[in-house]
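What follows is a short report on a single structure.
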2 protein chains.
Amino acid sequence: MAKIAIDMMGSDLGCEELAKSVKQYLSESTDEILAFGAKSKLDKLFDGLDRITIVDAEDVIPMEIKPLDFLRRKDSSLYKALNSVKEKKADCIVTAGSTGGTIIGATFLLRNVPGVTRAGICAPFPTRVKGKACVILDIGANNVNTPEDLYTFAKLGRLYSQEVLKVSNPKTYLLSNGVEEGKGTDEIVQAYNLLRERNFPGFEGNCEARNVLDGNHDIIITSGFAGNVFLKATEGVASMMNQMIKDAFKHNIFTKIGYLFARSGFKQIKETMNYRKYGGSILLGINGVVVKAHGNSNAYAFYNAIKVAKNMVEADIVTKINEAFYVG
Amino acid sequence: MAKIAIDMMGSDLGCEELAKSVKQYLSESTDEILAFGAKSKLDKLFDGLDRITIVDAEDVIPMEIKPLDFLRRKDSSLYKALNSVKEKKADCIVTAGSTGGTIIGATFLLRNVPGVTRAGICAPFPTRVKGKACVILDIGANNVNTPEDLYTFAKLGRLYSQEVLKVSNPKTYLLSNGVEEGKGTDEIVQAYNLLRERNFPGFEGNCEARNVLDGNHDIIITSGFAGNVFLKATEGVASMMNQMIKDAFKHNIFTKIGYLFARSGFKQIKETMNYRKYGGSILLGINGVVVKAHGNSNAYAFYNAIKVAKNMVEADIVTKINEAFYVG
């Protein structure tokens with residue numbers, strides 16, 4: 001049985017939306033929830049439910065916040081929720097709040113696993129192959145990363161792929177501007193050499209951005225800035241094309257009839273491109289399980305984010321990361 | 001009347017495919033073509049045509065080539081074609097050959113415009129708004145760029161947008177991982193400050209990768225590595241979704257019937273996402289007009305690349321770049 005800390009206050013859609021996810025999760029599991037947020041609201045939302053403890057925290061961390069400002073806001077829902085993991089009152093935390101605040105708070109309160117040069121934000125992406133995800137990190141915790149950071153990300157990504165996603169022999173690639181050895185920034189070329197010299201298991205070389213989602217790549221390593229460009233470029237084009245598909249079917253009376261016939265085929269696209277089903281991104285390398293759901297997560301997405309956190313707790317990923325980075 | 005140098009040898013699809021484009025172009029214009037390639041082949045392809053001069057060049061530059069190796073291959077079609085621009089025998093050059101070779105050759109033979117710290121590869125991207133392109137540079141001539149390089153790209157992109165695409169007040173943005181001032185790598189933050197301090201006309205701040213193609217952005221400035229990730233990520237997702245649309249219509253007999261009704265609506269998607277209509281990317285900042293078509297350009301794409309080169313010659317873009325960077 002896991003104890004799951006939930007920051008109820010960070011969502012763009014309000015705590016009512018997140019409460020739906022929490023209720024569904026409670027009804028399907030035997031886990032306990034610690035819900036951090038305005039007691040006045042949460043009491044009503046969770047009235048009469050078992051296995052849930054409401055911890056009053058009215059203050060909400062804004063989307064953009066500086067480190068010192070975050071650390072002063074000890075009464076905020078995010079601070080308190082992260083702190084409950086530090087104090088071992090919870091096994092993991094899920095938030096749809098500020099990404100910056102989550103990174104600052106997790107780094108300050110939970111700390112990096114010893115030996116981890118930098119923590120990274122990791123997200124599974126849908127690929128062309130049904131049911132197969134590609135794990136990419138870092139997608140935005142950092143800007144520029146050193147070759148050692150990239151090596152750290154490779155270790156973290158491999159552990160996540162193996163222990164949580166249960167991929168037996170994951171293939172790892174560096175995101176670069178060409179597949180040939182020697183392509184990319186100095187950091188990438190040096191990281192390539194490190195991975196080769198140390199015989200990193202399953203390291204297959206560079207991957208260009210156009211091939212990342214073709215289903216042949218399990219793990220993609222990138223510095224935070226380039227990873228963030230990749231993440232948002234794919235989001236932008238996917239949303240543009242989804243809109244174009246809708247417009248195409250609305251074009252005239254014939255295309256509308258066409259939709260009635262074709263919609264079963266298009267369900268698959270919706271299913272594949274549904275980022276919500278992945279629930280959220282994960283802060284890997286931190287001494288604790290931290291899952292960051294998208295700010296506009298609906299109940300379905302946030303429910304999945306809670307499940308991601310639970311899977312990480314069950315896989316005991318933090319212990320395994322500690323063991324992998326332990327140098328004695 | 002323009003004189004257009006064509007490297008006939010670099011295409012993945014062979015010189016026969018490019019010959020179709022050249023013939024079409026000749027039939028629709030009064031311009032002259034200098035065709036560089038194996039005379040034995042080209043003589044047959046262009047037999048009996050006016051306004052075309054074949055220059056024998058059997059050697060083909062491979063996709064991956066080092067600077068010194070390129071400079072030794074003076075008999076190659078790409079070297080000779082670039083050199084014809086240097087010697088003022090041609091007004092511009094179009095190639096579907098090696099990107100690396102094109103950059104090396106153009107930089108060595110034609111040189112950067114004085115004052116241009118780095119040349120960049122610039123490409124117009126289709127956007128959500130029909131008929132509106134977003135100009136992005138650099139998409140891969142460089143890896144890391146200095147703040148001054150990024151400032152140079154802003155000047156080059158603005159000139160291209162105004163003089164060639166005839167956009168009257170183009171809006172310029174820096175590609176970053178957040179819209180707020182201060183977001184991004186050190187180079188981006190410093191470039192942001194340079195653009196603000198020098199009151200760069202139409203500079204609107206940062207843009208996240210997800211919004212680049214929404215039709216509100218005329219020019220996006222980025223270092224070469226991140227630009228290359230953006231370019232290839234969009235290509236990858238667009239191709240993945242196109243495949244999914246095809247699969248969706250092939251799903252069963254009903255979806256196939258649906259296709260018959262809906263296909264008119266889907267023409268628009270094909271049209272919008274057709275990168276081929278943009279013909280190719282442009283090496284901006286070089287003292288000469290250099291257009292690089294995709295290696296697998298078909299006759300339609302290569303024909304459009306020739307038109308891009310012609311438009312640049314007509315707009316006298318190189319003179320305007322020289323004037324804009326002239327410091328007296």
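These numbers were taken from a predicted model, which means no experiment stands behind them. Hydrogens, waters and symmetry mates are skipped; everything else that's a heavy atom, side chains included, is used.
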Part of [X] lying under 4.5 Å from any heavy atom of chain A:
X        : answer
B:Asp214 : neither
B:Val229 : both
B:Thr222 : neither
B:Ser223 : neither
B:Leu175 : both
B:Lys183 : side chain
B:Asn177 : both

What option among [options] has the most heavy-atom pairs under 4.5 Å with chain A?
options                                : result
B:Gly140, B:Ala248, B:Gly236, B:Gly224 : B:Ala248
B:Arg263, B:Lys250, B:Met240, B:His251 : B:Met240
B:Ile188, B:Thr127, B:Thr185, B:Asn228 : B:Thr185

Validation row: [X], [Y] side chains within 4.5 angstrom (heavy atoms):
X        : Y        : answer
A:Met241 : B:Asn242 : yes
A:Ser239 : B:Arg210 : no
B:Ile245 : A:Phe266 : yes

Would you name the heavy atoms of [X] and [Y] that are closest together and state the gap between them?
X        : Y        : answer
B:Phe230 : A:Ala233 : CD1-CB, 3.6 Å
B:Asn252 : A:Ser264 : ND2-OG, 3.7 Å
B:Ala238 : A:Val237 : N-CG1, 4.1 Å
B:Phe225 : A:Ala226 : CE2-CB, 3.9 Å
B:Ala262 : A:Phe249 : CB-CE2, 3.7 Å

Notebook entry, point to check: Roughly how far, to the nearest 0.5 Å, is OG1 of B:Thr255 from NZ of A:Lys267?
Noted result: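 Spacing of NZ (A:Lys267) from OG1 (B:Thr255) equals 12.5 Å.
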
Next item on the list: Supply the atom-to-atom distance A:Glu180 CD to B:Met63 CE, rounded to the nearest 0.5 angstrom.
Entry: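 That separation rounds to 11.0 Å.
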
Item checked: Sequence-distant partners of B:Glu204, salt bridge (Lys or Arg N to Asp or Glu O under 4.0 Å), two or more places apart ->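 Per chain and number, B:Glu204 pairs via salt bridge (Lys or Arg N to Asp or Glu O under 4.0 Å) with no residue.
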
